[in-house]
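Every chain is numbered from 1, with letters handed out A, B, ... down the list of sequences.
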4 protein chains.
Amino acid sequence: MQSRSTPSTRAGGRPRSTEADTAILEATRQALVDLGWTKLTLGDVATRAGVAKTTLYRRWAGKSELVVDAVAELFDELELPDSGSLATDIEGVVLQFAALLGRPETKTALMAVVAESTTDEPLRERIRASIVDRQKRLVLAGRARAQDRGELPAEPDTAAAARTADLIFDVIAGAVVHRALVSAEPVDAEWAEQFTSLVLGGLSAVSGRGPTAVPSAPDTAP
Amino acid sequence: MQSRSTPSTRAGGRPRSTEADTAILEATRQALVDLGWTKLTLGDVATRAGVAKTTLYRRWAGKSELVVDAVAELFDELELPDSGSLATDIEGVVLQFAALLGRPETKTALMAVVAESTTDEPLRERIRASIVDRQKRLVLAGRARAQDRGELPAEPDTAAAARTADLIFDVIAGAVVHRALVSAEPVDAEWAEQFTSLVLGGLSAVSGRGPTAVPSAPDTAP
Amino acid sequence: MQSRSTPSTRAGGRPRSTEADTAILEATRQALVDLGWTKLTLGDVATRAGVAKTTLYRRWAGKSELVVDAVAELFDELELPDSGSLATDIEGVVLQFAALLGRPETKTALMAVVAESTTDEPLRERIRASIVDRQKRLVLAGRARAQDRGELPAEPDTAAAARTADLIFDVIAGAVVHRALVSAEPVDAEWAEQFTSLVLGGLSAVSGRGPTAVPSAPDTAP
Amino acid sequence: MQSRSTPSTRAGGRPRSTEADTAILEATRQALVDLGWTKLTLGDVATRAGVAKTTLYRRWAGKSELVVDAVAELFDELELPDSGSLATDIEGVVLQFAALLGRPETKTALMAVVAESTTDEPLRERIRASIVDRQKRLVLAGRARAQDRGELPAEPDTAAAARTADLIFDVIAGAVVHRALVSAEPVDAEWAEQFTSLVLGGLSAVSGRGPTAVPSAPDTAP
DNA sequence: ATCTAAACGAGACGGTACGTCCGGTCTTTTC
DNA sequence: GAAAAGACCGGACGTACCGTCTCGTTTAGAT
């Protein structure tokens, strides 16, 4: 999950406890729930995990890195539902993501680490690798499936395809986050439906960029 | 700017210095530029402003409230450009907002205070009143102007109109913020154009909610 | 009592309130009782006295000066009892002084201002004038009365007389203060009698400085 | 020096630095010399000692406790000179004590902590154990030596003996302190001689409690 | 079965910022 | 022009965490 991937200098000595890792990440999430990002302290996490502070610092560089790893695990739960149509697939993902953002540990941590990352480039990379990419694959998978179904045309220009995927991703993730955390309004089925309708309508305008018309939302067709 | 609007208990005593307010807010913005949200301390702001720490605490409850007020002033710069069409109006606003998010003080502060607000209801209200509403009025003004131009139909159902405005606002603000701060990719003219195209395309699908077609983007009409 | 003795610049304007003086000194004593020297603050005294802090600073230079004046008034209560013999006169004064030192305001304030005075010469003078001299006159009066009674011989050498008076004063005041505040043992009638016996015995040895014998303690001699 | 005498709970963890103790106490004495009791701050002491403020608070409860320990070490210097007679022994101790009181750190600190102790019982105990008892043993040792020499009779009644010792101690310590700090007059050889004469004269009156005469000052008798 | 080197718990360490309190000063309106 | 009110600057308070360091104690793998 985190930094020590290569057992580089495989020397003698006691190996690190994997149970400690698990306990620390779980303790971190619980501390986020109980205290929120700001009042969470590494000393408290160590105590909750039944671990010395040094053990914690041996593995993570600081609070931000630890929290990124702790919440990243939650993003593994996200998956693309195969609901039969692109529209309901999007609605499903939107609601899943909203449910994740509704959890207190995610809510308080996500914006905080993003804020940190604006002045910490390595942290931004870690967030991208651990969190953002986990979300973006859903967009890519959704498009592939829609293309399989024939709901979307195949993309001949791979550069343009990547650009469009990025756009769609920022629109979906951005809108849900903004609705949930900034506007602080509920992301319910009704909103998800209206939003999906907008995205699909816009998608044809964008990807089309010409006469490539697509039946955006099946329920709007009489 | 902040709390003491009503001269409620106009009693004796030395009045508060308005110059101090100005100096503190300016010092706060400069400290955000120099240090970022995390390393900014109220003691340092006080020193920069040539003011005692107590003066600062007499006016603001904490770091978050102060920073909200400091960056809120920057959002006054946003305005709706009258560029002749809804599409270019949106592109203009998007680029303006992106430019604002590109400034270091805004970049580091905005997500941070939003993160704080997830566990601080009064702070969320302050953000809504000071920042979010300042942005949302641009959406409302843009729609009104587009309706004047005939680009958009009048809305008979006011509740639905409000719902659509909120949706559009979350989509625009959310996408720009996500692109700029989470994906950390540039919000340039090209992206703005593509994004606007998506929004306008989706707008017809949403507000239409039926056969009410609108010449959203001139190039999509055959 | 304090600084403004001469109405020097009798100019126009509102005259100072004498009631304020009284209220401030009384409030100071009460604050000493409630809070002790260290926790006593001038702001609190002002509030108790129903007076603005500026009024307080217009009259006294600081906490020490104010407290000296406040407790000095208590020393006016000390007086030399005419009990018929030097021994009982001394015992009476000792017990009076001990009773004064037993009051919480005096107990906490006296050593504190003396401590301050070790690094503040004007304060030492104020203490001497307001407090010490009020005590020393009892010694002088007691000796004069004893000489009138014939218990002590007249002093031909005035310089030596002054020196002896100073010595006796330091011994009496010092011993009582030390017993009461440092050793924190009760200064009761038994102790006062034993101590007086020591002083009178020593007095003959000192003032005598030769064969000049004096009936040190008349009741102990058969 | 202070609380942790017993290695009670010998647990893990980094042991406390004994060098820090030494440095802090020395820095405290120097700060007393430079600043006096009132202006001494624990932050300044920490800086002088090259130590963090937390280290200081981990060991001492507050300014008073620290200063008591710092000045207590100085009282170890006091010792009973064996000068051949009780009178010169007393004079020697008086002058030693006066010299100690003349040092700026002692002068400013002693009365201050006594003042504090009037509203702080644990502090009073600390003063008694660290300072007062260090002085009182001189009185006891002086009496024992005088009894060995035959200058004073043996005491059959131990309770009365203790009472007398306490009295003598309060008289000597009290008189010297009062002369030096309150009257602010020099405690020189002349004063010491006169004072000693008084004490010895009084001693015979007290301990004698009858005709038990003692050659008060052997050098005055040819 | 021993050796060994790193991980571990505990907790003290030097720092930094916190938010509060107080000391004295000043500015304003009221008397 | 004094008085009440209260804002002002400055500075110390005692606390909380930070991230580092020194201890003595496991503990698995290499010998």
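Every residue meeting the side-chain contact (heavy atoms from CB on, under 4.5 Å) condition with B/Thr118, not counting sequence neighbours, appears here in chain and number order: A/Lys107, A/Thr108, A/Leu181. By the side-chain contact (heavy atoms from CB on, under 4.5 Å) test, D/Arg124 pairs with C/Ala184, D/Ser117, D/Glu121, sequence neighbours left out. Qualifying side-chain contact (heavy atoms from CB on, under 4.5 Å) partners for D/Leu66, counting only residues two or more places apart in sequence or in other chains: D/Ile24, D/Leu25, D/Thr28, D/Leu42, D/Val45, D/Leu56, D/Trp60. A search for side chain to side chain donor-acceptor pair (under 3.5 Å) contacts involving D/Glu65 returns nothing, not counting sequence neighbours. In this structure C/Arg48 satisfies the salt bridge (charged side-chain N to carboxylate O under 4.0 Å, His left out) test together with C/Asp34, C/Asp44, sequence neighbours excluded.
Atom CD of D/Glu19 is separated from atom P of E/dC13 by 11 Å (rounded to the nearest Å). Note: CZ (A/Arg58) to C1' (E/dA6) measures 8 Å, nearest angstrom. Separating the OH atom of A/Tyr57 from the P atom of E/dC13 is a distance of 18 Å, rounded to the nearest angstrom. Counting to the nearest Å, the C1' atom of F/dT20 and the CZ atom of A/Arg59 are 18 Å from each other. Regarding C/Leu40, its CG atom lies at a distance of 14 Å from the C1' atom of E/dC21, rounded to whole Å. Atom CH2 of C/Trp60 is separated from atom C1' of E/dG24 by 16 Å (rounded to the nearest Å). Taking atom CG on D/Leu66 and atom C1' on F/dC13, their separation rounds to 15 Å, with Å as the unit. At whole-Å resolution of the value, CG in A/Leu56 and P in E/dA7 are 15 Å apart.
Between the side chain of A/Arg14 and the base of E/dC8 there is no donor-acceptor pair of N/O atoms closer than 3.5 Å. For D/Lys53 and F/dG14, a side-chain-to-base donor-acceptor distance below 3.5 Å is present, hydrogens and geometry of angles not being considered.
The stretch residues 42-51 of chain D touches DNA chain F through D/Leu42, D/Gly43, each having a heavy atom within less than 4.0 Å of the strand.
Between C/Gly62 and B/Gly62, the residue whose closest nucleotide on DNA chain E is further toward the 5' end is B/Gly62. Of the two residues near DNA chain E, B/Lys39 and D/Thr55, the one whose nearest nucleotide lies more 5' is D/Thr55.
Within the structure, every side-chain polar atom (N or O) of B/Arg16 is placed at least 4.0 Å from both OP1 and OP2 of E/dC26.
A/Ser17 comes within 4.0 angstrom of the backbone, heavy atoms only, and of no base.
With distances taken from any side-chain atom of A/Thr54 to the nucleotides E/dC26, E/dG11, F/dC13, the minimum falls on E/dG11. If you check F/dC8, F/dT20, E/dG23 against the side chain of C/Lys63, the one that comes closest is E/dG23.
Contact check for D/Val113 versus D/Val71: no side-chain heavy atoms found under the 4.5 Å cut-off.
Electrostatic pairing of B/Arg29 and B/Glu73 counts as a salt bridge here, judged by a charged N lying under 4.0 Å from a carboxylate O.
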